[in-house]
Amino acid sequence: MQGFSDERPFEDRLQLLPSPLGPAELLKDPGFGKVFTDHMVTIRWTKDRGWHDAEVTARAPVTLDPAAAVLHYGQEIFEGLKAYNLSDGSIALFRAEQNARRFQQSAARMAMPDLPEAVFLQAVDELVKIDSAWIPKADGSLYLRPFMFATEAFLGVRPSHEYLFMLIASSVGSYFKGGEKPVTVWLSDRYTRAAEGGTGAAKCGGNYAASLLAQAEAMEHGCDQVVFLDAAEHRWVEELGGMNVFVVMNDGSLVTPPLSGTILPGITRDAIITLARKDGRTVREERYSMDQWRADAASGKLKEAFACGTAAVVASIGKIKSSKGDIVIADGNTGPITAAIKAKLVGIQRGDIADEFGWVRRIG
Ligand SMILES: Cc1ncc(COP(=O)(O)O)c(C=O)c1O
């Protein structure tokens with residue numbers, strides 16, 4: 001592997017292309033996914049050479065052959081993780097090795113090469129260090145977007161023989177426009193996201209492309225995200241377009257759909273299950289139907305609902321809108337269990353609460 005084994009200091013390997021405004025100005029109100037840092041990582045893979053030419057360079061457009069397989073057959077995967085400025089002045093990543101592993105699982109499902117975990121993590125560390133000025137100080141974070149796509153110029157339908165791995169970073173604040181307010185979600189009874197045997201458990205671009213029409217419908221109805229039901233019976237709650245989902249019952253237990261192969265195995269979902277069980281709370285990973293959700297909300301058995309994922313961490317769900325009428329969850333405000341779970345997770349991520357699970361890795 002070239003590039004990362006290169007002992008030269010970063011500065012000698014880079015052509016710096018500073019942003020015209022620079023971090024200070026852009027970090028005032030970064031929103032989500034609009035403000036990008038100065039650098040990127042690229043690593044190439046070819047069938048003959050494997051992974052090679054790893055580089056950290058100035059962020060710049062990518063040149064692709066118009067026949068590049070990704071443009072035709074969508075062979076692409078990605079990840080999303082965050083780096084935080086901690087109150088003690090260090091920079092930390094949350095469970096980055098889990099993202100590296102999920103990236104490998106997504107690659108396997110999409111017939112793409114396996115990027116070693118150590119290379120994934122080194123790419124992340126190097127980019128975070130060189131672009132550390134772009135990590136917002138207070139509530140925000142640096143959202144890291146690793147991705148890989150098929151670059152071979154070939155129109156036959158088979159796995160590509162060439163790929164490009166890239167890593168870019170974006171300074172982010174709140175994921176939802178409304179900030180901490182409970183979100184409203186749209187129940188899609190028309191479109192599904194993933195079927196058994198398909199790619200639902202992989203983080204591939206195609207899953208998101210397939211979800212966009214439902215997302216547009218959600219936005220037309222004034223909703224923030226879509227709740228997808230299973231593809232076979234249109235009955236069981238699966239996940240949101242970009243987040244996993246939990247409901248909180250009146251006995252304090254949590255229910256979340258199981259990892260059936262059609263939903264993304266969320267790292268935040270896993271962290272919440274671990275934290276809740278450690279606190280003595282019952283967490284059931286079991287199928288939960290939309291009819292049950294409606295009935296439980298009406299009877300008062302269901303007290304709270306929330307969505308979770310790297311981008312928004314935990315977002316309380318206040319209301320579900322659907323063609324069959326709306327479901328308001330309790331009084332529509334964030335419930336105490338959702339708030340406590342969020343506070344604990346955010347506290348660990350930011351180094352303010354002891355990390356008993358070894359989830360937080362300081363890198364500088
Ligand atoms: C479809 C989908 N489900 C769930 C999640 C949550 O996963 P994680 O907690 O690993 O970010 C995401 C976001 O990555 C997602 O895109």
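Quick note: residue numbers are just sequence positions, from 1. Atoms within a ligand are numbered from 1 in the order they appear, just like the ligands themselves. The analysis underlying the following values was restricted to heavy atoms, covering all of them including side chains, and did not include hydrogens, waters or symmetry mates.
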J.: Could you tell me whether ligand 1 has any atom less than 4.0 Å away from a heavy atom of K203?
T.: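 Yes, that is the case, since the closest heavy atom of the residue is under 4.0 Å from the ligand.
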J.: Relative to the heavy atoms of R102, which atoms of ligand 1 are at a distance of less than 4.0 Å?
T.: 7 (O), 8 (P), 10 (O)
J.: Among all the protein's non-hydrogen atoms, which is closest to atom 9 (O) of ligand 1, and how far away is it?
T.: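 Of the protein heavy atoms, T268 OG1, 2.5 Å lies nearest.
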J.: Is a side-chain donor-acceptor pair under 3.5 Å present for N244 with T268?
T.: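 No, N244 and T268 have no side-chain donor paired with an acceptor closer than 3.5 Å.
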J.: Can the ring centroids of Y143 and F32 be said to lie less than 6.0 angstrom from one another?
T.: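 Yes - the distance between ring centres of Y143 and F32 falls below the 6.0 Å cut-off.
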J.: Salt-bridge test for K278 and E356: reply yes if a basic N is under 4.0 Å from a carboxylate O, no otherwise.
T.: yes
J.: Show which side-chain atoms of residues 337-345 pair as donor or acceptor with protein atoms under 3.5 Å away, not counting sequence neighbours.
T.:
from, atom 1, to, atom 2, distance (Å)
T338, OG1, E304, OE1, 2.7
K342, NZ, E180, OE1, 3.0
K342, NZ, E180, OE2, 3.4
K342, NZ, V314, O, 3.1
K344, NZ, D279, OD1, 3.4

J.: Give the single entry among G241, G309, P265, G242 that approaches atom 5 (C) of ligand 1 most closely by any heavy atom.
T.: G242
J.: Could you tell me whether a side-chain N or O of S316 sits under 3.5 Å from a main-chain N or O of F306, the two making a donor and an acceptor?
T.: no
J.: Is there a donor-acceptor contact under 3.5 Å linking the side chains of Q215 and Y208?
T.: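 Per modelled atom types, Q215 and Y208 side chains form no pair under 3.5 Å.
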J.: Would you mind listing which atoms of ligand 1 come within a distance below 4.0 Å of any non-hydrogen atom of Y208?
T.: 1 (C), 2 (C), 15 (C), 16 (O)
J.: With heavy atoms of R193 as the reference, note each atom of ligand 1 found under 4.0 Å away.
T.: 1 (C)
J.: Measure the shortest side-chain to side-chain distance between E238 and R193 over non-hydrogen atoms and say whether it is less than 4.5 angstrom.
T.: no
J.: Does the side chain of I320 come within less than 4.5 Å of D326's, by heavy atoms?
T.: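 Of all side-chain heavy-atom pairs linking I320 with D326, none is under 4.5 Å.
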J.: In the protein, which heavy atom is nearest to atom 3 (N) of ligand 1, and how far is it?
T.: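 Ranking protein heavy atoms by distance from atom 3 (N) of ligand 1, first comes E239 OE1, 2.6 Å.
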J.: Just to be sure I'm reading this right: ignoring hydrogens, which of L81, D270, V313, N244 gets closest to atom 4 (C) of ligand 1? Compare them by their nearest heavy atoms.
T.: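 Checking each option, the heavy atom nearest atom 4 (C) of ligand 1 is found in N244.
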J.: Can you list the atoms of ligand 1 that are under 4.0 Å from a heavy atom of G266?
T.: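 Answer, ordered by atom number: 7 (O), 8 (P), 9 (O), 10 (O).
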J.: Could you tell me whether R269 and ligand 1 have an N or O pair separated by under 3.5 Å?
T.: no
J.: For atom 11 (O) of ligand 1, which protein heavy atom lies nearest, and how many Å away is it?
T.: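 Going atom by atom, the protein heavy atom closest to atom 11 (O) of ligand 1 ends up being T310 OG1, 2.6 Å.
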J.: I'd like to check whether L240 has a polar contact with ligand 1, where a contact means an N/O of the residue lying under 3.5 Å from an N/O of the ligand.
T.: no
